[in-house]
Structure formats: structure tokens, C-alpha cells
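Have a look at this one before I ask anything.
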Amino acid sequence: ASLRSNDQEAVYWSLCLLHELALRGIAKEQIRAVPQIVGILSDVLNASDAEVQKVVLRLVGFLAIRSEEFRSRIVMSRMLRKLAVCLGSGEVEVAHWSIVLVHDV
């Protein structure tokens, strides 16, 4: 629910928590299993500033590691179109993590 909040700070900190869990390999399967997680993260990616976008892109990248099923969900979602927009971002890290994600998917 925090990822769908209008409070950008709550969204940011929720993403940071999920990012840390995924980075450390804790509860990755449970995060991947959240219904519509790819769509939710795609919506956050679209409606956020560069700081939030960086966290979303890294989180999705960590969730995609060693999960063909999750990578397939990314490919089938609207996220790929949003990655194209991120690639053109003036923010270097957003563009970088977009390239990394496109490569990994």
C-alpha cells in the first residue's frame, strides 16, 4: 500500500526497504510474488523523481537476477516502454540503471 501512496517520502522509504531486502537476498521470492508488483513498480517509476527512479530500477534489477519468470513479467509489462523514457533521462544514474536493466532482461 505504501508504494501507491501520494506521500512520495513514504514511497521512497518503502522502496529503500524492499531494495535492501532484495540486495541481501532476503524475501526476494516473497517480493516477486506480490500480485502486480511489476505494474506497481512501473507506475512508481513513471510518477517519481530521479531519486525514486534510481531505487526502482535497482530494485527491479535485483529482483530479476536468477529469475526467468520475473524477467518475463518485466518484458510483458508496460515497464519496458518506461525504460525507454528513463534512458533519455538527464540524470546519469537513471540512464545507467535503465541500461543495466535492459541488458539484464
Open item on the list: Check this for me: does any side-chain nitrogen of one of D43 and K82 sit under 4.0 Å from a carboxylate oxygen of the other?
Closed with: yes
Open item on the list: Is there a path of hydrophobic side-chain contacts, each under 4.5 Å between heavy atoms, that joins L57 and V75?
Closed with: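 Same cluster.
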- [ ] Would you mind telling me which of L23, L21, I37, L18 makes a side chain to side chain contact (heavy atoms under 4.5 Å, CB included) with L59?
- [x]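 Result: among L23, L21, I37, L18, L18 is the only option passing the side chain to side chain contact (heavy atoms under 4.5 Å, CB included) with L59.
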Task: Non-hydrogen atoms of V60 and F70 that approach each other most closely - done: O-CE2, 3.9 Å
TODO: May I ask you to check whether over 12 heavy atoms, not counting those of Q36, lie within 6.0 Å of atom CD?
DONE: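 12 or below, so no.
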Task: Nearest non-hydrogen partners of A22 and K28, listed with the distance - done: O-CD, 3.4 Å
Open item on the list: By the definition side chain to side chain contact (heavy atoms under 4.5 Å, CB included), identify the one residue from L15, L3, V11 that meets it with V56.
Closed with: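 By the side chain to side chain contact (heavy atoms under 4.5 Å, CB included) criterion, V56 pairs with just one of L15, L3, V11: L15.
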Open item on the list: Return the CZ to CG distance between R78 and L45, rounded to the nearest 0.5 Å.
Closed with: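 That separation rounds to 10.5 Å.
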Open item on the list: Within this structure, what is the CH2-CG distance for the pair W97 and L101, rounded to the nearest 0.5 Å?
Closed with: 10.0 Å
Task: R71 versus D104, closest heavy-atom pair with distance - done: CD-O, 3.3 Å
TODO: Answer yes or no: is there an ion pair linking E69 with R32, defined by an N-O contact shorter than 4.0 Å?
DONE: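 Here E69 does not pair with R32 in a salt bridge, since their nearest N and O are not under 4.0 Å apart.
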Open item on the list: In this structure, would V102 and I65 fall into the same cluster of hydrophobic residues linked by side-chain contacts under 4.5 Å?
Closed with: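 No; I65 is not reachable from V102 via cluster members.
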Task: Distance, nearest 0.5 Å, that separates OH of Y12 from NE2 of H19 - done: 9.5 Å
Open item on the list: Rounded at 0.5 Å granularity, tell me how far CD in Q53 sits from OG in S98.
Closed with: 7.5 Å
- [ ] Verify the cluster assignment for I31 and W13: are they in a single hydrophobic cluster under the rule of side-chain heavy atoms below 4.5 Å apart?
- [x] yes
Task: hydrophobic_cluster_shared for V44 and L80, side chain cutoff 4.5 Å - done: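 They do share one cluster, since a chain of ILVMFWY contacts under 4.5 Å joins L80 to V44.
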TODO: Determine, stepwise, if the pair V55 / R58 fulfils side-chain contact (heavy atoms from CB on, under 4.5 Å).
DONE: CA-CA 5 Å; V55 178; R58 289 192 313 253; 3.8 Å; yes
Open item on the list: Rounded at 0.5 Å granularity, tell me how far OG in S42 sits from CG in L83.
Closed with: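 Separation between the atoms: 8.0 Å.
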Open item on the list: Quick check: do V100 and H103 have side-chain heavy atoms less than 4.5 Å from each other?
Closed with: no
Task: Over all atoms of both residues, closest heavy-atom pair of K54 and V94 - done: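 Taking every non-hydrogen atom into account, CG-CG2, 3.7 Å.
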Task: same_hphob_cluster(I40, L63) at 4.5 Å side-chain heavy-atom cutoff - done: yes
Task: Spacing of CD belonging to Q8 relative to CD belonging to E51, to within rounding of 0.5 Å - done: 12.0 Å
